[in-house]
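Start at 1 with the first residue, then count along the sequence. Hydrogens, waters and symmetry mates are skipped; everything else that's a heavy atom, side chains included, is used. Since the structure is predicted, the reported quantities are computational estimates derived from the model, not experimental observations.
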Amino acid sequence: LIRHKMWKKLFARAIFQPSLRYCSLSYSTVASSCNTSVTEDGKKLHLVCDGERERRYHGIWLRHNCRCPQCLPVYSQQNIVHHSHLVDLKLANAKVEGNHVRVDWNSATGDHSCNFDIEWLKKYDYTTPGIHEERKKNELPLVAESLPTMKYDDIMSSTETYFEWMKQINFYGISLLKNVPTIDKHMIKVCEKIAEPQISAHQDVFDLIAVDNPTDIGYTNDDLYLHMDSNYFESPPGIMILFCLKFDDCIEGGESTFLDAYPVVEELRRKHPKHFEVLTRVPYINHRIHDSLDGLDAVRHKYSAPHISLDHHNQVCGISWSPHHHAPLLATEKEVEEYYEAFLLLSNMFDESPLKIVHKMKPGEAVVLNNHRVLHARNAFKTNGGERHIQGSYVNVDFFRSKFAVLSKQLNKEVSIKHMFNRSFVA
């Protein structure tokens with residue numbers, strides 16, 4: 001790249017011009033009244049702004065997150081601070097200059113300086129009392145009492161409405177899309193508003209219709225219990241789309257049920273903390289075994305983890321619930337007893353939850369849900385000579401989150417992105 005004249009010029013400017021060497025991303029628009037100081041041992045910087053509480057930053061943290069182009073290239077925005085630059089490191093000086101704090105370090109590899117935007121420092125504050133709890137509170141999802149709804153044409157034609165649709169999925173974990181053209185695999189158009197369909201055990205699109213010798217209970221007329229899809233993978237698909245192509249009036253049953261698992265799991269924590277703890281500790285096994293099938297259809301998927309995952313602040317960051325794919329529990333004698341007491345209790349709480357939403361899908365409707373958070377089920381049905389045809393597909397949750405975050409920034413929407421329950425320790 002540097003051989004290209006334009007890149008040569010930009011590279012030279014970034015490395016050799018002092019004004020660029022110490023630059024940072026700009027956050028501030030109004031000058032702040034701030035004071036700063038460095039501790040005698042050179043380990044911490046103290047910052048006080050506009051009568052606010054004192055914020056403290058470790059020198060090593062600041063150096064590792066240096067914003068200058070030498071450490072954070074303008075175009076890649078990737079951290080290239082080598083760990084050797086953090087050895088024998090001391091803060092030499094810190095000074096407020098307008099909307100920035102200029103920081104100087106001494107280290108085993110030499111001196112270095114950087115300007116930190118004060119608003120950037122506030123954004124990444126980690127010492128103010130209660131700051132971590134406040135951030136976690138902002139990540140908490142909202143619970144839907146009914147299915148949030150959008151129209152297909154609106155999200156396809158309006159960026160604002162498209163954003164609101166993404167917001168529904170992020171905030172509530174679910175959205176009902178109406179008036180989708182009832183064309184075979186047209187749901188791929190819905191997927192592509194977010195990203196390419198995610199290939200899974202069912203390929204990019206799967207048809208939920210009753211067949212002979214089904215390899216999945218979804219391909220029957222039987223009850224499907226409340227569950228998440230594909231928990232036998234290390235990384236199950238995050239966003240699921242269920243699209244109704246056909247649902248004849250003569251069909252008896254076949255209603256879909258959706259339940260936000262997060263508030264039920266938190267209810268378990270409040271009312272039955274010992275059982276909650278068991279389900280965060282004892283791992284169960286999900287598997288999908290079809291080794292008798294021919295060729296590439298033969299699979300032996302297996303994955304084990306507890307039903308509930310917690311982050312370092314003891315907050316729920318992941319939920320796994322897929323009873324149709326349970327393998328025999330491998331645990332100690334005591335753990336087996338503990339597990340089944342807790343499993344039965346949470347199963348019953350799911351089944352009896354007043355938060356369940358029952359919906360009989362109509363042709364042209366697509367339910368888009370967060371498969372890491374929202375359980376879905378299906379009542380058994382009789383076709384009576386008719387047809388119930390649902391198609392399904394998935395989108396990777398990381399692409400969804402990225403698209404929503406980018407769209408929020410592009411539209412200047414100040415939203416707190418809610419946790420996706422993909423076991424990440426940050427929303």
Side-chain angles (χ1 to χ4, degrees), residues 10-138 405 408-409 412-417 426-427:
L10 291 172
F11 179 77
R13 289 180 64 209
I15 296 298
F16 300 113
Q17 286 190 20
S19 61
L20 285 175
R21 188 178 178 185
Y22 304 119
C23 77
S24 68
L25 297 177
S26 179
Y27 285 78
S28 300
T29 55
V30 180
S32 300
S33 174
C34 299
N35 294 297
T36 188
S37 61
V38 172
T39 56
E40 289 187 8
D41 58 8
K43 290 185 177 181
K44 289 184 182 179
L45 177 148
H46 292 200
L47 177 68
V48 179
C49 291
D50 304 318
E52 299 171 350
R53 281 180 175 270
E54 178 184 77
R55 296 176 173 89
R56 299 178 300 282
Y57 302 88
H58 292 83
I60 192 170
W61 182 91
L62 290 166
R63 181 67 186 90
H64 193 214
N65 291 284
C66 179
R67 317 311 289 166
C68 83
Q70 287 178 298
C71 302
L72 190 74
V74 174
Y75 296 99
S76 72
Q77 286 293 294
Q78 290 174 293
N79 187 319
I80 57 173
V81 178
H82 192 266
H83 61 81
S84 62
H85 296 308
L86 308 179
V87 177
D88 296 330
L89 182 76
K90 283 190 176 182
L91 286 165
N93 187 46
K95 181 181 179 182
V96 175
E97 296 180 349
N99 294 325
H100 295 77
V101 176
R102 179 190 168 96
V103 178
D104 302 316
W105 296 272
N106 303 133
S107 74
T109 58
D111 300 343
H112 192 74
S113 299
C114 180
N115 283 348
F116 289 93
D117 189 290
I118 290 172
E119 290 303 313
W120 185 91
L121 289 170
K122 289 182 179 181
K123 179 180 179 181
Y124 291 100
D125 170 27
Y126 58 89
T127 60
T128 296
I131 189 67
H132 297 291
E133 291 77 9
E134 181 181 345
R135 286 180 180 140
K136 286 297 177 182
K137 185 177 179 180
N138 289 334
S408 300
K409 184 174 180 61
N412 295 316
K413 302 287 188 179
E414 294 185 5
V415 298
S416 296
I417 295 177
V426 64

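- Glu40 CD: 12 or fewer foreign heavy atoms inside a 6.0 Å radius.
- At least one donor-acceptor pair under 3.5 Å links the side chain of Asp50 to the backbone N or O of Ser33.
- Between the side chain of Asp104 and the main chain of Asn106, no donor-acceptor pair closer than 3.5 Å is present.
- Taking 4.5 Å as the limit, every side-chain heavy atom of Ile118 sits out of range of all side-chain heavy atoms of His100.
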Working for side-chain contact (heavy atoms from CB on, under 4.5 Å), residues Thr39 and His46: CA-CA 8 Å; Thr39 56; His46 292 200; 3.5 Å; yes
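- Between Val101 and Leu45 there is a side-chain heavy-atom pair separated by less than 4.5 Å.
- In terms of the side-chain contact (heavy atoms from CB on, under 4.5 Å) criterion, residue partners of Glu52 (sequence neighbours excluded) are, by chain and number, Cys49, Arg55, Lys122.
- Side-chain contact, Thr109 with His85: a donor N or O sits under 3.5 Å from an acceptor N or O.
- To the nearest 0.5 Å, atoms NE2 (His58) and CG (Asn65) are separated by 13.0 Å.
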- prompt: Would Asp125 and Leu47 count as a side-chain contact (heavy atoms from CB on, under 4.5 Å) if you check the C-alpha gap in whole Å, the side-chain angles of each, and the deciding distance to 0.1 Å?
  reply: CA-CA 10 Å; Asp125 170 27; Leu47 177 68; over 6 Å; no
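- Note that CZ of Arg67 is 10.5 Å distant from CG of Leu62, once rounded to the nearest 0.5 Å.
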task: Would you check, one step at a time, whether the test side-chain contact (heavy atoms from CB on, under 4.5 Å) holds for Arg63 with Ser107?
output: CA-CA 10 Å; Arg63 181 67 186 90; Ser107 74; 5.8 Å; no
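- Nearest approach of Cys68 to Cys114, heavy atoms of both residues: N-SG, 3.8 Å.
- Side-chain contact between Arg135 and Ser416: absent, with no pair of heavy atoms (C-beta onward) separated by less than 4.5 Å.
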If you look only at distance, which donor and acceptor atoms sit under 3.5 Å apart when one is on a side chain in residues 87-95 and the other is two or more places apart or in another chain?
none

field: Full working for side-chain contact (heavy atoms from CB on, under 4.5 Å) between Asn35 and Val96
entry: CA-CA 7 Å; Asn35 294 297; Val96 175; 5.8 Å; no
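- Side-chain rings of Trp61 and Tyr126 approach one another, their centers coming within less than 6.0 Å.
- For the pair Arg53 and Thr128, the tightest heavy-atom approach, listed with the atom from each and the gap, is CD-CG2, 4.2 Å.
- The shortest distance between side-chain heavy atoms of Val103 and Thr36 does not fall below 4.5 Å.
- Nearest heavy atom pair, residue Gln70 against residue Ile80, reads O-CD1, 3.2 Å.
- With rounding to the nearest 0.5 Å, the separation of CG in Leu86 from CH2 in Trp105 is 10.0 Å.
- Between His64 and Val81, the shortest heavy-atom contact is O-CG2, 3.9 Å.
- The shortest heavy-atom contact between Gln78 and Pro73 is O-CD, 3.1 Å.
- The closest donor-acceptor contact from the side chain of His82 to the backbone of Ser84 lies under 3.5 Å.
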